[in-house]
Amino acid sequence: MSARLIGALAAMVALLGAGLATGTRIYYDLFLILLLLALYALASVLWTLFTAKVSMKGVRPRVERGERLMTILTLEHCSLLPAGNLRVELNVPGANGGRQEISVSMPPFSKRSFRNVVRCPHRGNYEVGIASLSATDLFGLFELRRKSRRRLMQVEVYPRAHEVPAMELKASDMGPEFRSRAAEDNASPSDIRKWQEGDELKKVHWKLTLRKREMMVRTFEESARPDTLIIPDLSEITALQDLRLTMEDCICEACLSAAKAQLEAGFPVRMPLMSRRPQEPSGKTVADLPGFTEALMRAEFDSPYPYEQVLMLMLQRMQRTGGAVLATGRMTSRTADIAMRMQRSGIQVKLIWVTDAPRDEALEMLERLKMSGVQVETADPWAQEGVDAPRSAPSPAPAGDALFAV
């Protein structure tokens, strides 16, 4: 109930009381005038609201984070009584179900179209569309609302994959001879051939050599290329909601960008997502990248395990791992120690630290990591490019932008 309606009702009660107390006709006339104005206001609001039609076009079911949707809103109503503003409430992508309100003045039997820009600031699955309609009268006495008869549309906002350099997996310092041996799987012999200069004695087939009276060696199948293990930190981030969502987006996009770079370089990728509902997308070619994108779009940051415990678990399954990418929003000494331990075991390690305010003690740990051979990158969650971009001051954008008449 609006303040104007309360004032109007109080005036009507006062006028009616004065008329009954004094018997003067003017008080009754003023009371009737106010009553008729209130009835007219209520009728205009009801007529406008229940004859109003609104449609929304231009919503795509799948977009990348940061994209803008140029939608077309069309409004019309068939009320003969002039009313006030017609307000449309939209569901848009954002934290806790974003809301955007559009208020326009509509003459009777009119139809107007508007271009409305809707931003998609965070990854996730959202319901987008017209949530409700509300109308007010010319005097500001009544404002009534009804839900939209149109169904909301599902919009999936995917993380973006940035262009980053691929991590070259460790090839060792022993030259091409070591690489040719490392590419062979000694458990899978494939053929036998004559001895060549540089062959190892342990590959000699001695029985066949004695029978043919010449040196014969076994050949082996080439094993698969060493894969890259990408491990995002999916533990809960304790921060203000907008910063938390932005950091989650940045971690997911850092992992997706690393996966894209490794797949393009020909290295298989595994990505264990240790949330409450764990999953592990994997792929060998760029054609498998949509699987990683889908998984990261739906990933929840609700892991019941500390990130250090996840890293220790991954250490036990790195027989064929040539590189590891760690992405976290927390820089702890325990995480740094595990990263250096991975590096010492012969795995090429890259650590991506997502932060907008690096601490001095954390920077010292980063220097230790660099000295041990770990590749270290910092990612500012507020930067436009998301990964390794220059830091900029936080400036969260609203859920919806300007409204333009067509």
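- Residues meeting the salt bridge (charged side-chain N to carboxylate O under 4.0 Å, His left out) test with E156, sequence neighbours left out: R298.
- Y305 OH to L313 CG: the interatomic distance, rounded to the nearest 0.5 Å, is 9.0 Å.
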Salt bridge (Lys or Arg N to Asp or Glu O under 4.0 Å) between E253 and R65, intermediate numbers included
CA-CA 10 Å; E253 291 183 356; R65 187 182 75 88; 2.5 Å; yes
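- Here side-chain hydrogen bond (donor to acceptor under 3.5 Å, both in side chains) pairs that include residues 39-57, with residues two or more places apart or in two chains, are T48-S79.
- Note that the CG atom of D233 and the OG atom of S303 stand 7.5 Å from one another [nearest 0.5 Å].
- Going from atom CG of N85 over to atom OG1 of T136 covers 5.0 Å, rounded to the nearest 0.5 Å.
- Distance check, rounded to the nearest 0.5 Å: CE of M365 to CZ of R359 gives 6.0 Å.
- Under a 3.5 Å cut-off, the side chain of R145 and the backbone N or O of A135 do not form any donor-acceptor pair.
- Separating the CG atom in L42 from the CG atom in L141 is a distance of 9.5 Å, to the nearest 0.5 Å.
- When E127, Q100, R99 are each tested for a side chain to side chain donor-acceptor pair (under 3.5 Å) with N91, only one passes: R99.
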In sequence, state the C-alpha distance, the side-chain angles, and the governing distance for L315 and M342, and then conclude on side chain to side chain contact (heavy atoms under 4.5 Å, CB included).
CA-CA 7 Å; L315 271 174; M342 290 180 178; 3.5 Å; yes
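- For R193, the salt bridge (charged side-chain N to carboxylate O under 4.0 Å, His left out) test picks out D199, with sequence neighbours left out.
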Set out, in order, the CA-CA distance, both residues' side-chain angles and the distance that settles salt bridge (Lys or Arg N to Asp or Glu O under 4.0 Å) for K260 and E163, then state yes or no.
CA-CA 8 Å; K260 180 175 180 288; E163 293 296 332; 2.7 Å; yes
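- Under a 4.0 Å N-O distance rule, the pair R123/E64 does not qualify as a salt bridge.
- Heavy-atom contacts from other residues, nucleotides or ligands closer than 6.0 Å to CD of Q154 number more than 12.
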Step by step, would you call M215 with K194 a side chain to side chain contact (heavy atoms under 4.5 Å, CB included)?
CA-CA 6 Å; M215 295 286 284; K194 292 182 180 181; over 6 Å; no
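- Shown here is R334, whose CZ atom has no more than 12 heavy atoms of other residues, nucleotides or ligands within 6.0 Å.
- Not counting sequence neighbours, the partners of R25 by the salt bridge (charged side-chain N to carboxylate O under 4.0 Å, His left out) test are D29.
- Y28 meets the side chain to side chain contact (heavy atoms under 4.5 Å, CB included) test with L16, L20; sequence neighbours excluded.
- With rounding to the nearest 0.5 angstrom, the CD1 atom of I338 is 11.5 Å from the CE atom of M314.
- Residues passing the salt bridge (charged side-chain N to carboxylate O under 4.0 Å, His left out) test with E280 are R270, R317, sequence neighbours excluded.
- Considering E308, R330, Q309 as possible partners of S235, the one that fulfils the side chain to side chain donor-acceptor pair (under 3.5 Å) test is R330.
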